[in-house]
Protein chains: 2
Amino acid sequence: MMRSMGTRIADTIRERIEQMIVTGEFADGERLDEVKLAEQFGVSRTPLREAFQSLAASGLLTLEARRGAFIRHPDFVELVEMFEVMAELEAMCGFRAARRVNEQQMRDIGRTIEACEAAIARGDSDEYYRENETFHHLLYEASGNSFLAREAARLHKRLKPYRRMQLRVNGRMPQSMREHRAVYAALEKSDPKAAAATLRQHVAIQGERFNDLMASYRQIAPRKAG
Amino acid sequence: MMRSMGTRIADTIRERIEQMIVTGEFADGERLDEVKLAEQFGVSRTPLREAFQSLAASGLLTLEARRGAFIRHPDFVELVEMFEVMAELEAMCGFRAARRVNEQQMRDIGRTIEACEAAIARGDSDEYYRENETFHHLLYEASGNSFLAREAARLHKRLKPYRRMQLRVNGRMPQSMREHRAVYAALEKSDPKAAAATLRQHVAIQGERFNDLMASYRQIAPRKAG
DNA sequence: TTCAATATTCTTGTATACAAGAGATTTGAC
DNA sequence: GTCAAATCTCTTGTATACAAGAATATTGAA
């Protein structure tokens with residue numbers, strides 16, 4: 001076992017660029033210069049271009065024929081659409097997890113909730129984001145549907161820069177924590193509908209949060225690059 | 001406009017291999033020989049490998065470091081998982097379409113239903129598959145969520161070989177057509193819940209269909225390649 | 001000065017060359 | 001005859017070379 005733990009440069013490059021993208025290192029419309037990046041990573045253009053293909057297929061960047069690879073932040077409408085799908089995927093995970101979650105998973109989930117709250121108390125937002133991410137990933141796994149878990153994780157990753165931006169608005173974190181606890185309670189009661197509804201609510205962009213997102217969106221996305 | 005209608009060989013290759021995969025041209029576990037395929041397509045390995053990266057990211061094949069590109073049919077469990085997600089995505093599309101579908105779209109959807117029935121009457125199964133596919137794609141579009149539509153289409157494509165296999169079992173087509181009509185009726189009544197429920201039912205692998213799928217699965221997937 | 005046509009440069013897309021690991025084959029020992 | 005070790009071949013992974021299309025700069029005319 002433990003196959004394909006590739007020493008392939010292309011894979012490494014892919015991960016590094018992916019990281020750069022989801023941490024919002026590139027501006028909207030920015031072109032990723034092949035030769036510059038290849039130089040920067042100390043490799044040739046070949047593995048870099050392979051990484052581009054992979055990233056493009058995942059939707060993290062856009063390839064335009066004979067023009068290059070571009071970062072294309074979703075416009076506001078598409079961002080809302082993506083969160084809408086994310087909300088349903090999370091709801092689906094929660095629904096299934098409520099029936100299938102085991103004790104070990106419940107302990108893990110409970111622990112991340114506490115770690116989140118501790119991070120908030122300390123004002124350690126990096127740690128909060130990490131634990132929050134873990135919470136959601138544990139939930140995906142607990143769904144018992146490995147394909148669903150992968151797809152959810154994929155979209156979750158793709159939304160990373162915008163979720164971060166969204167949570168920045170104050171007053172959101174305590175509410176978010178209450179929802180985490182509500183999810184936990186629903187799982188404990190094996191209540192699929194409650195788990196699904198809570199998670200849909202937790203992720204969806206509705207009411208006040210719609211305005212929050214719209215406001216913060218302006219601060220990030222529209223800075224067009226040369 | 002009309003950008004990126006790439007004259008890129010890599011894109012062409014990608015589509016051709018994708019087509020070969022979804023039409024079930026490769027056996028499970030089969031390795032895609034780079035030089036052989038390159039020769040076959042009359043190109044070098046470079047665009048071929050880029051196509052591989054793209055296909056791998058879409059889940060249509062698996063890359064193993066220093067071993068090559070392999071066709072890995074989902075095992076039975078994963079296949080059921082995938083249909084489970086597909087069912088939810090379709091339900092989601094139907095739910096939204098019930099509120100948002102316009103008259104032109106209703107006409108188009110109605111037309112594909114009739115074309116499907118005509119194809120069945122003629123015993124033209126190829127035409128049936130084509131129109132059935134159109135029906136579902138129209139539904140995705142009618143959801144009004146373009147991101148959702150793309151994701152649904154993506155998974156739909158990935159499931160293509162297995163859906164085909166699944167529908168082959170006799171007695172299924174008339175039932176399938178009744179469900180299409182039920183979806184149409186729900187859209188006409190602007191009844192989101194009915195549309196969602198019908199589509200979930202239409203796609204989900206449950207009851208009798210579970211056995212049908214399992215039986216036919218054995219005929220396709222397990223033929224391991226050298 | 002401004003616009004357009006042309007020339008030039010730059011970047012992408014593809015092919016080829018080369019390096020290194022995986023798999024197959026052969027050889028040798030028991 | 002069977003198993004294991006070493007060799008050899010074949011395939012992948014990466015780098016480089018080359019071709020062609022975009023983008024940019026330049027030149028000329030109005």
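To find a chain, count down the sequence lines: A is the first, B the second, and so on, and within it residues start at 1.
- Tyr162(A) has its ring centre less than 6.0 Å from the ring centre of His73(A).
- Nearer to the 5' terminus of DNA chain C, by closest-nucleotide assignment, is the contact made by Ala69(A) (compared with the other of Thr46(A) and Ala69(A)).
- For Glu50(A) and dG13(C), the CD to P distance is 14 Å, given to the nearest whole Å.
- The side chain of Arg8(B) places an N or O atom within less than 4.0 Å of a non-bridging phosphate oxygen (OP1 or OP2) of dG13(C).
- The CG-P distance, from Leu48(A) to dT16(D), rounds to 14 Å in whole Å.
- Here Glu39(A) does not pair with Arg45(A) in a salt bridge; the nearest charged N to carboxylate O distance is not below 4.0 Å.
- Checking Lys160(B), Lys157(B), Arg154(B), Arg158(B) one by one against Glu18(B), the salt bridge (charged side-chain N to carboxylate O under 4.0 Å, His left out) holds for a single residue, Lys157(B).
- An OP1 or OP2 oxygen of dA15(D) is reached within less than 4.0 angstrom by a side-chain nitrogen or oxygen of Ser44(A).
- Considering only side-chain N and O atoms, Arg66(A) lies nowhere under 4.0 angstrom from the phosphate OP1 or OP2 of dA22(D).
- Not one side-chain nitrogen or oxygen of Arg67(B) sits closer than 4.0 Å to the OP1 or OP2 atom of dT12(D).
- Side-chain N/O atoms of Arg49(A) include one lying less than 4.0 angstrom from OP1 or OP2 on dG13(C).
- For Asp33(B) and dG23(C), the CG to C1' distance is 14 Å, given to the nearest whole Å.
- Taking the centre of each ring, Phe76(A) and Phe210(A) come in below the 6.0 Å mark.
- You'll find a donor-acceptor pair under 3.5 Å spanning the side chain of Arg45(B) and the base of dG13(D), going by distance alone.
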